[in-house]
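Residue numbering restarts at 1 for every chain, and letters A, B, ... go by the order of the sequence lines.
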Amino acid sequence: MPELPEVETIARGLDSRVAGDVIESVWLGSKPEPLKSAAREIVAALEAKRISGVRRVGKHIVFDLGGAGKAASGSQWIVHLGMTGRMLVATPEAETPKHTHLVAKLASGRELRFVDPRRFGRLEVRQAGFSGPGAEPLSIDAEQFAQLFHSSKAPVKAALLNQKLLHGVGNIYADEALFRAHIRPRRRANSLTKSELRKLHAALQRVLHAAIAAGGSSISDYVDADGEAGFFQIQHRAYGREGKPCLTCKTPIKKIVVGGRGTHYCPNCQK
DNA sequence: ATACCGACCTGTCAGC
DNA sequence: TGCTGACAGGTCGGTA
(Lines give C-alpha, C1' and ligand atoms only; values in the text may rest on other atoms or scores of the structure.)
Protein backbone atom coordinates (compact mmCIF):
# COMPACT_ATOMS: atom_id res chain seq x y z
CA MET A 1 0.00 0.00 0.00
CA PRO A 2 2.44 2.63 1.06
CA GLU A 3 4.81 4.50 -1.17
CA LEU A 4 7.55 6.92 -0.19
CA PRO A 5 5.40 9.66 1.41
CA GLU A 6 3.37 7.16 3.43
CA VAL A 7 6.47 5.26 4.60
CA GLU A 8 8.17 8.57 5.44
CA THR A 9 5.15 9.60 7.54
CA ILE A 10 5.07 6.24 9.29
CA ALA A 11 8.81 6.20 9.97
CA ARG A 12 8.75 9.73 11.40
CA GLY A 13 5.82 8.79 13.62
CA LEU A 14 7.56 5.66 14.82
CA ASP A 15 10.80 7.51 15.46
CA SER A 16 9.09 10.12 17.62
CA ARG A 17 7.27 7.40 19.53
CA VAL A 18 9.69 4.53 20.05
CA ALA A 19 13.22 5.87 19.60
CA GLY A 20 15.08 5.13 22.83
CA ASP A 21 12.68 2.36 23.83
CA VAL A 22 13.87 -1.21 24.37
CA ILE A 23 12.33 -4.33 22.84
CA GLU A 24 11.85 -6.76 25.70
CA SER A 25 10.23 -9.68 23.93
CA VAL A 26 8.90 -10.59 20.52
CA TRP A 27 5.91 -12.68 19.53
CA LEU A 28 5.86 -13.93 15.97
CA GLY A 29 2.76 -15.44 14.36
CA SER A 30 2.79 -18.93 12.91
CA LYS A 31 1.66 -19.67 9.33
CA PRO A 32 3.90 -18.74 6.47
CA GLU A 33 5.02 -15.46 8.02
CA PRO A 34 6.03 -12.58 5.83
CA LEU A 35 9.70 -13.03 6.51
CA LYS A 36 12.88 -12.60 4.61
CA SER A 37 15.09 -13.67 7.47
CA ALA A 38 14.43 -16.84 9.50
CA ALA A 39 11.89 -16.43 12.31
CA ARG A 40 14.35 -17.45 15.03
CA GLU A 41 16.92 -15.05 13.65
CA ILE A 42 14.45 -12.15 13.76
CA VAL A 43 13.40 -12.81 17.33
CA ALA A 44 17.02 -13.15 18.44
CA ALA A 45 18.02 -9.96 16.64
CA LEU A 46 15.24 -7.88 18.19
CA GLU A 47 15.01 -9.06 21.77
CA ALA A 48 16.83 -6.99 24.35
CA LYS A 49 17.74 -4.36 21.75
CA ARG A 50 17.37 -0.65 22.08
CA ILE A 51 15.75 1.18 19.17
CA SER A 52 18.15 4.02 18.53
CA GLY A 53 16.08 5.47 15.70
CA VAL A 54 13.58 4.80 12.92
CA ARG A 55 13.86 6.12 9.38
CA ARG A 56 12.81 5.50 5.81
CA VAL A 57 14.95 4.12 3.01
CA GLY A 58 13.00 3.82 -0.25
CA LYS A 59 9.78 2.08 0.75
CA HIS A 60 11.50 0.35 3.68
CA ILE A 61 11.25 1.25 7.35
CA VAL A 62 14.63 0.87 9.03
CA PHE A 63 14.90 0.41 12.80
CA ASP A 64 18.47 1.05 13.90
CA LEU A 65 19.19 -1.18 16.88
CA GLY A 66 21.70 -0.98 19.67
CA GLY A 67 22.35 -3.19 22.69
CA ALA A 68 19.91 -2.71 25.57
CA GLY A 69 22.76 -1.91 27.91
CA LYS A 70 26.01 -0.36 26.89
CA ALA A 71 27.53 -1.49 23.62
CA ALA A 72 25.66 -0.72 20.44
CA SER A 73 25.18 -3.79 18.27
CA GLY A 74 24.67 -1.76 15.11
CA SER A 75 22.16 -4.13 13.57
CA GLN A 76 19.03 -3.14 11.67
CA TRP A 77 15.45 -4.35 11.50
CA ILE A 78 14.06 -3.69 8.06
CA VAL A 79 10.34 -3.74 7.39
CA HIS A 80 8.66 -3.53 4.01
CA LEU A 81 4.92 -2.98 4.29
CA GLY A 82 4.02 -4.47 0.92
CA MET A 83 0.52 -3.44 -0.16
CA THR A 84 -1.37 -3.67 3.11
CA GLY A 85 1.17 -3.69 5.93
CA ARG A 86 0.89 -1.48 9.00
CA MET A 87 3.27 -0.85 11.85
CA LEU A 88 1.38 0.37 14.88
CA VAL A 89 2.26 1.46 18.39
CA ALA A 90 -0.44 0.39 20.80
CA THR A 91 -1.13 -0.24 24.45
CA PRO A 92 -1.39 -3.93 25.39
CA GLU A 93 -5.10 -3.48 26.18
CA ALA A 94 -5.88 -2.26 22.67
CA GLU A 95 -7.58 -4.96 20.66
CA THR A 96 -5.17 -6.95 18.48
CA PRO A 97 -6.27 -6.57 14.87
CA LYS A 98 -6.78 -9.58 12.63
CA HIS A 99 -3.64 -10.47 10.63
CA THR A 100 -1.23 -9.33 13.33
CA HIS A 101 1.99 -11.20 12.55
CA LEU A 102 4.41 -9.73 15.04
CA VAL A 103 4.15 -8.04 18.43
CA ALA A 104 7.19 -6.53 20.11
CA LYS A 105 6.73 -5.68 23.79
CA LEU A 106 8.55 -2.51 24.72
CA ALA A 107 10.11 -1.53 28.03
CA SER A 108 7.79 1.49 28.13
CA GLY A 109 4.86 -0.91 28.40
CA ARG A 110 3.59 -0.33 24.87
CA GLU A 111 3.62 -2.72 21.93
CA LEU A 112 4.90 -2.40 18.42
CA ARG A 113 2.61 -4.39 16.14
CA PHE A 114 3.05 -5.49 12.55
CA VAL A 115 -0.29 -6.13 10.84
CA ASP A 116 -0.54 -7.25 7.22
CA PRO A 117 -3.69 -8.86 5.74
CA ARG A 118 -2.25 -9.74 2.36
CA ARG A 119 1.14 -10.77 3.69
CA PHE A 120 3.04 -9.06 0.91
CA GLY A 121 5.14 -7.33 3.54
CA ARG A 122 8.63 -8.48 4.47
CA LEU A 123 10.62 -8.48 7.69
CA GLU A 124 14.35 -8.76 7.70
CA VAL A 125 17.27 -8.27 10.06
CA ARG A 126 20.78 -7.50 8.98
CA GLN A 127 23.97 -5.84 10.04
CA ALA A 128 24.06 -2.09 9.56
CA GLY A 129 24.47 -0.58 6.15
CA PHE A 130 21.14 -1.01 4.39
CA SER A 131 20.91 1.58 1.66
CA GLY A 132 18.02 0.25 -0.41
CA PRO A 133 17.93 -1.11 -3.95
CA GLY A 134 18.21 2.18 -5.82
CA ALA A 135 18.64 5.93 -5.64
CA GLU A 136 16.73 8.18 -3.27
CA PRO A 137 14.15 10.24 -5.22
CA LEU A 138 14.26 13.17 -2.82
CA SER A 139 17.99 13.70 -2.89
CA ILE A 140 18.95 12.76 -6.44
CA ASP A 141 19.79 15.78 -8.59
CA ALA A 142 18.47 16.44 -12.09
CA GLU A 143 21.68 15.32 -13.74
CA GLN A 144 21.84 11.93 -12.00
CA PHE A 145 18.12 11.51 -12.54
CA ALA A 146 18.50 11.99 -16.29
CA GLN A 147 21.37 9.51 -16.27
CA LEU A 148 19.20 6.82 -14.68
CA PHE A 149 16.48 7.04 -17.30
CA HIS A 150 18.74 7.64 -20.24
CA SER A 151 19.51 3.99 -20.82
CA SER A 152 16.11 2.42 -20.12
CA LYS A 153 13.95 1.30 -23.03
CA ALA A 154 11.06 0.54 -20.69
CA PRO A 155 7.96 2.75 -20.65
CA VAL A 156 8.81 5.72 -18.45
CA LYS A 157 6.08 4.69 -16.01
CA ALA A 158 7.65 1.25 -15.61
CA ALA A 159 11.07 2.84 -15.18
CA LEU A 160 9.72 5.07 -12.41
CA LEU A 161 8.39 1.98 -10.66
CA ASN A 162 11.68 0.10 -11.00
CA GLN A 163 13.10 0.20 -7.49
CA LYS A 164 16.60 -0.56 -8.72
CA LEU A 165 16.66 2.80 -10.46
CA LEU A 166 14.75 5.00 -8.01
CA HIS A 167 13.41 3.44 -4.85
CA GLY A 168 10.27 4.70 -3.14
CA VAL A 169 8.11 5.68 -6.12
CA GLY A 170 4.96 3.59 -6.48
CA ASN A 171 1.88 3.57 -8.66
CA ILE A 172 0.17 6.68 -7.32
CA TYR A 173 3.14 9.02 -7.41
CA ALA A 174 4.39 7.71 -10.75
CA ASP A 175 1.04 8.69 -12.30
CA GLU A 176 0.96 12.00 -10.46
CA ALA A 177 4.51 12.95 -11.43
CA LEU A 178 3.93 12.09 -15.10
CA PHE A 179 0.70 14.11 -15.13
CA ARG A 180 2.43 17.11 -13.62
CA ALA A 181 5.33 16.80 -16.07
CA HIS A 182 2.93 16.43 -19.05
CA ILE A 183 4.50 13.14 -20.13
CA ARG A 184 2.62 10.08 -21.34
CA PRO A 185 3.26 6.96 -19.27
CA ARG A 186 3.96 4.73 -22.30
CA ARG A 187 6.78 6.88 -23.65
CA ARG A 188 10.05 4.95 -23.66
CA ALA A 189 12.24 6.34 -20.88
CA ASN A 190 15.14 6.83 -23.29
CA SER A 191 12.93 8.88 -25.63
CA LEU A 192 12.50 11.72 -23.14
CA THR A 193 14.24 14.97 -24.00
CA LYS A 194 16.58 16.71 -21.58
CA SER A 195 13.88 19.23 -20.87
CA GLU A 196 11.27 16.54 -20.21
CA LEU A 197 13.63 14.75 -17.84
CA ARG A 198 14.19 17.99 -15.95
CA LYS A 199 10.44 18.53 -15.70
CA LEU A 200 9.86 14.97 -14.53
CA HIS A 201 12.57 15.24 -11.89
CA ALA A 202 11.11 18.49 -10.58
CA ALA A 203 7.52 17.24 -10.72
CA LEU A 204 8.39 14.04 -8.88
CA GLN A 205 10.20 15.84 -6.06
CA ARG A 206 7.43 18.42 -5.77
CA VAL A 207 4.66 15.84 -5.58
CA LEU A 208 6.54 13.71 -3.05
CA HIS A 209 7.26 16.70 -0.81
CA ALA A 210 3.64 17.87 -1.03
CA ALA A 211 2.39 14.39 -0.18
CA ILE A 212 4.71 14.11 2.83
CA ALA A 213 3.43 17.50 4.02
CA ALA A 214 -0.13 16.12 3.80
CA GLY A 215 0.76 12.97 5.72
CA GLY A 216 0.54 10.69 2.66
CA SER A 217 -2.41 9.43 0.64
CA SER A 218 -5.10 7.36 2.33
CA ILE A 219 -6.84 5.06 -0.12
CA SER A 220 -9.10 2.63 1.74
CA ASP A 221 -6.92 1.58 4.64
CA TYR A 222 -3.67 3.46 4.94
CA VAL A 223 -2.93 4.90 8.38
CA ASP A 224 0.27 6.10 10.01
CA ALA A 225 1.81 4.82 13.23
CA ASP A 226 -0.84 6.73 15.21
CA GLY A 227 -3.69 5.25 13.19
CA GLU A 228 -4.18 8.63 11.49
CA ALA A 229 -5.14 8.91 7.82
CA GLY A 230 -3.25 11.10 5.34
CA PHE A 231 -4.83 13.72 3.14
CA PHE A 232 -2.92 13.83 -0.10
CA GLN A 233 -5.56 11.81 -1.97
CA ILE A 234 -7.64 14.97 -2.32
CA GLN A 235 -4.78 16.45 -4.32
CA HIS A 236 -4.53 13.56 -6.77
CA ARG A 237 -4.90 14.85 -10.32
CA ALA A 238 -4.61 11.61 -12.30
CA TYR A 239 -4.53 8.56 -10.03
CA GLY A 240 -8.01 7.15 -9.41
CA ARG A 241 -9.71 9.78 -11.62
CA GLU A 242 -10.65 7.60 -14.60
CA GLY A 243 -13.39 9.23 -16.65
CA LYS A 244 -13.33 12.42 -14.59
CA PRO A 245 -12.43 15.71 -16.28
CA CYS A 246 -8.76 16.65 -16.33
CA LEU A 247 -8.30 19.48 -13.84
CA THR A 248 -6.38 21.43 -16.47
CA CYS A 249 -8.29 20.89 -19.73
CA LYS A 250 -11.48 18.95 -18.83
CA THR A 251 -10.61 16.02 -21.13
CA PRO A 252 -11.67 12.77 -19.40
CA ILE A 253 -8.77 11.02 -17.64
CA LYS A 254 -7.94 7.71 -19.31
CA LYS A 255 -7.00 4.47 -17.58
CA ILE A 256 -4.72 1.96 -19.29
CA VAL A 257 -2.35 -0.79 -18.15
CA VAL A 258 1.41 -0.16 -18.26
CA GLY A 259 3.87 -2.65 -16.84
CA GLY A 260 0.93 -4.56 -15.42
CA ARG A 261 -0.29 -1.62 -13.35
CA GLY A 262 -3.37 0.53 -13.65
CA THR A 263 -2.20 3.84 -15.13
CA HIS A 264 -4.09 7.12 -15.30
CA TYR A 265 -3.31 10.03 -17.59
CA CYS A 266 -4.76 12.91 -19.56
CA PRO A 267 -4.63 12.14 -23.29
CA ASN A 268 -4.64 15.85 -24.07
CA CYS A 269 -2.16 17.33 -21.58
CA GLN A 270 0.35 14.50 -21.56
CA LYS A 271 2.47 14.11 -24.70
C1' DA B 1 20.45 -7.91 -20.42
C1' DT B 2 15.61 -6.75 -20.81
C1' DA B 3 10.63 -7.03 -20.45
C1' DC B 4 6.32 -9.00 -19.90
C1' DC B 5 3.22 -12.02 -16.82
C1' DG B 6 1.67 -14.80 -13.36
C1' DA B 7 2.17 -15.74 -8.52
C1' DC B 8 1.97 -14.43 -3.95
C1' DC B 9 -2.48 -13.27 -0.33
C1' DT B 10 -6.84 -11.24 1.50
C1' DG B 11 -10.47 -7.92 1.33
C1' DT B 12 -13.80 -5.13 -1.01
C1' DC B 13 -16.92 -3.76 -4.30
C1' DA B 14 -19.64 -3.97 -8.62
C1' DG B 15 -22.65 -6.66 -11.14
C1' DC B 16 -25.73 -10.25 -11.71
C1' DT C 1 -29.14 -11.70 0.20
C1' DG C 2 -25.45 -14.03 -1.86
C1' DC C 3 -22.22 -15.60 -5.30
C1' DT C 4 -18.46 -14.54 -8.74
C1' DG C 5 -14.97 -12.10 -10.65
C1' DA C 6 -12.11 -8.12 -11.09
C1' DC C 7 -9.10 -5.27 -8.84
C1' DA C 8 -5.97 -3.18 -5.17
C1' DG C 9 -0.74 1.35 -2.81
C1' DG C 10 4.30 -4.12 -4.29
C1' DT C 11 7.83 -7.35 -5.43
C1' DC C 12 9.80 -11.70 -7.27
C1' DG C 13 10.96 -15.37 -10.30
C1' DG C 14 10.28 -17.65 -14.60
C1' DT C 15 10.09 -17.36 -19.46
C1' DA C 16 10.67 -15.36 -24.07
Side-chain angles (χ1 to χ4, degrees), chain A residues 1-11 29-37 56-61 78-87 97-102 114-124 130 132-134 137 148-179 185-191 204 207-208 210-212 214-224 228-243 255-264:
Chain A
M1 124 226 338
E3 305 180 31
L4 187 152
E6 292 76 37
V7 180
E8 178 71 27
T9 303
I10 292 164
S30 53
K31 305 288 183 188
E33 301 101 346
L35 306 177
K36 247 178 136 169
S37 309
R56 175 195 64 77
V57 173
K59 293 176 192 168
H60 302 260
I61 300 169
I78 295 156
V79 178
H80 193 297
L81 298 172
M83 294 272 260
T84 53
R86 299 185 189 187
M87 187 63 77
K98 209 174 162 184
H99 306 298
T100 297
H101 303 297
L102 178 147
F114 178 64
V115 183
D116 183 16
R118 280 176 81 179
R119 289 193 279 143
F120 283 2
R122 290 293 176 265
L123 305 179
E124 183 183 5
F130 179 72
L148 280 184
F149 288 84
H150 190 61
S151 52
S152 174
K153 289 189 289 188
V156 59
K157 159 95 184 235
L160 281 169
L161 293 179
N162 183 347
Q163 303 294 297
K164 286 176 185 157
L165 298 176
L166 284 179
H167 60 206
V169 180
N171 208 33
I172 294 177
Y173 299 102
D175 281 2
E176 293 298 315
L178 288 168
F179 177 90
R186 280 218 237 259
R187 290 272 304 281
R188 303 276 134 189
N190 64 4
S191 79
L204 179 62
V207 75
L208 292 174
I212 290 170
S217 298
S218 284
I219 310 252
S220 74
D221 59 359
Y222 159 78
V223 289
D224 68 15
E228 296 291 328
F231 293 98
F232 193 70
Q233 64 280 9
I234 62 176
Q235 295 182 56
H236 291 176
R237 298 181 196 169
Y239 183 84
R241 299 196 67 249
E242 179 186 12
K255 183 175 181 187
I256 58 175
V257 174
V258 181
R261 314 299 303 281
T263 296
H264 313 73

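Taking atom P in both B:dC9 and C:dC3, one finds a spacing of 25 Å when rounded to whole Å. Remark: the separation of the P atoms in B:dA1 and C:dT11 is 22 Å, to the nearest Å.
In this structure, CD of A:Glu124 is placed 14 Å from C1' of C:dC12, rounded to the nearest angstrom. At whole-Å resolution of the value, CG in A:Asn162 and P in B:dA1 are 14 Å apart. We find that NE2 of A:His60 is positioned 12 Å from P of C:dG10, with the value rounded to whole Å. Atom CG in A:Asp116 sits about 13 Å away from atom P in C:dG10, given to the nearest Å. Here the P atom of nucleotide B:dA3 and the CG atom of A:Leu165 are 10 Å apart, to the nearest Å. What separates CG of A:Asn190 from P of B:dA3 is a distance of 9 Å, to the nearest Å. Rounding to whole angstrom units, CG of residue A:Leu161 and P of C:dT11 are separated by 9 Å. With rounding to whole Å, A:Ile172 atom CD1 is found 12 Å from C:dG10 atom C1'.
Between A:His80 and the phosphate of C:dG10, there is no side-chain N or O to OP1/OP2 separation shorter than 4.0 Å. Of the side-chain N and O atoms in A:Gln163, none sit less than 4.0 angstrom from OP1 or OP2 of C:dG10. Dashed line: the shortest gap from a side-chain N or O of A:Lys255 to OP1 or OP2 of C:dA8 is under 4.0 Å. Within the structure, a side-chain polar atom (N or O) of A:Lys59 is placed less than 4.0 Å from OP1 or OP2 of C:dG10.
Without hydrogens or angle criteria, A:Glu176 side chain to A:Ala238 main chain gives a donor-acceptor distance under 3.5 Å. Distance alone, capped at 3.5 Å, is enough to place a donor-acceptor pair between the A:His101 side chain and the A:His99 backbone. No donor-acceptor pair under 3.5 Å is formed between the side chain of A:Glu3 and the backbone N or O of A:Lys59. At least one donor-acceptor pair under 3.5 Å links the side chain of A:Thr263 to the backbone N or O of A:Arg261.
Looking at heavy atoms from C-beta onward, A:Leu81 lies in side-chain contact with A:Phe114 at the 4.5 angstrom threshold. Residues A:Pro155 and A:Arg187 fail the side-chain proximity criterion, which asks for heavy atoms closer than 4.5 Å.
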Which atom pairs link the protein and nucleotides 10-13 of chain B when you take only N or O atoms and keep those under 3.5 Å?
| residue | atom | partner | partner atom | Å |
| --- | --- | --- | --- | --- |
| B:dT10 | OP1 | A:Arg119 | NH2 | 3.1 |
| B:dT10 | O3' | A:His99 | NE2 | 3.2 |
| B:dG11 | OP1 | A:Lys98 | NZ | 3.3 |
| B:dG11 | OP1 | A:His99 | NE2 | 2.6 |

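Side-chain contact, A:Ser152 with A:Asn190: no donor N or O sits under 3.5 Å from an acceptor N or O. In this model, a donor atom of one side chain and an acceptor atom of the other lie less than 3.5 Å apart for A:Tyr173 and A:Ser217.
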Please evaluate residues A:Arg86 and A:Asp116 with respect to the criterion salt bridge (Lys or Arg N to Asp or Glu O under 4.0 Å), reporting the C-alpha separation (whole Å), side-chain torsions for both, the decisive distance (0.1 Å), and the verdict.
CA-CA 6 Å; A:Arg86 299 185 189 187; A:Asp116 183 16; over 6 Å; no
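Across all strands shown, A:Tyr239 has heavy atoms under 4.0 Å from sugar-phosphate atoms exclusively, and none from any base. Residue A:Gly170 is classed as a sugar-phosphate contact, given heavy-atom separations below 4.0 Å to backbone atoms only.
The CG atom of A:Leu204 lies 6.5 Å from the CG atom of A:Leu160; values are rounded to the nearest 0.5 Å.
Put simply, A:Phe120 rests on the base of B:dC8: the two rings are less than 5.5 Å apart at their centres and nearly parallel, under 30°.
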Once Watson-Crick and G-U wobble pairs under 3.5 Å are found, how is DNA chain B written in dot-bracket notation, 5' to 3', with | for any base paired to another strand?
.|||||||.|||||||
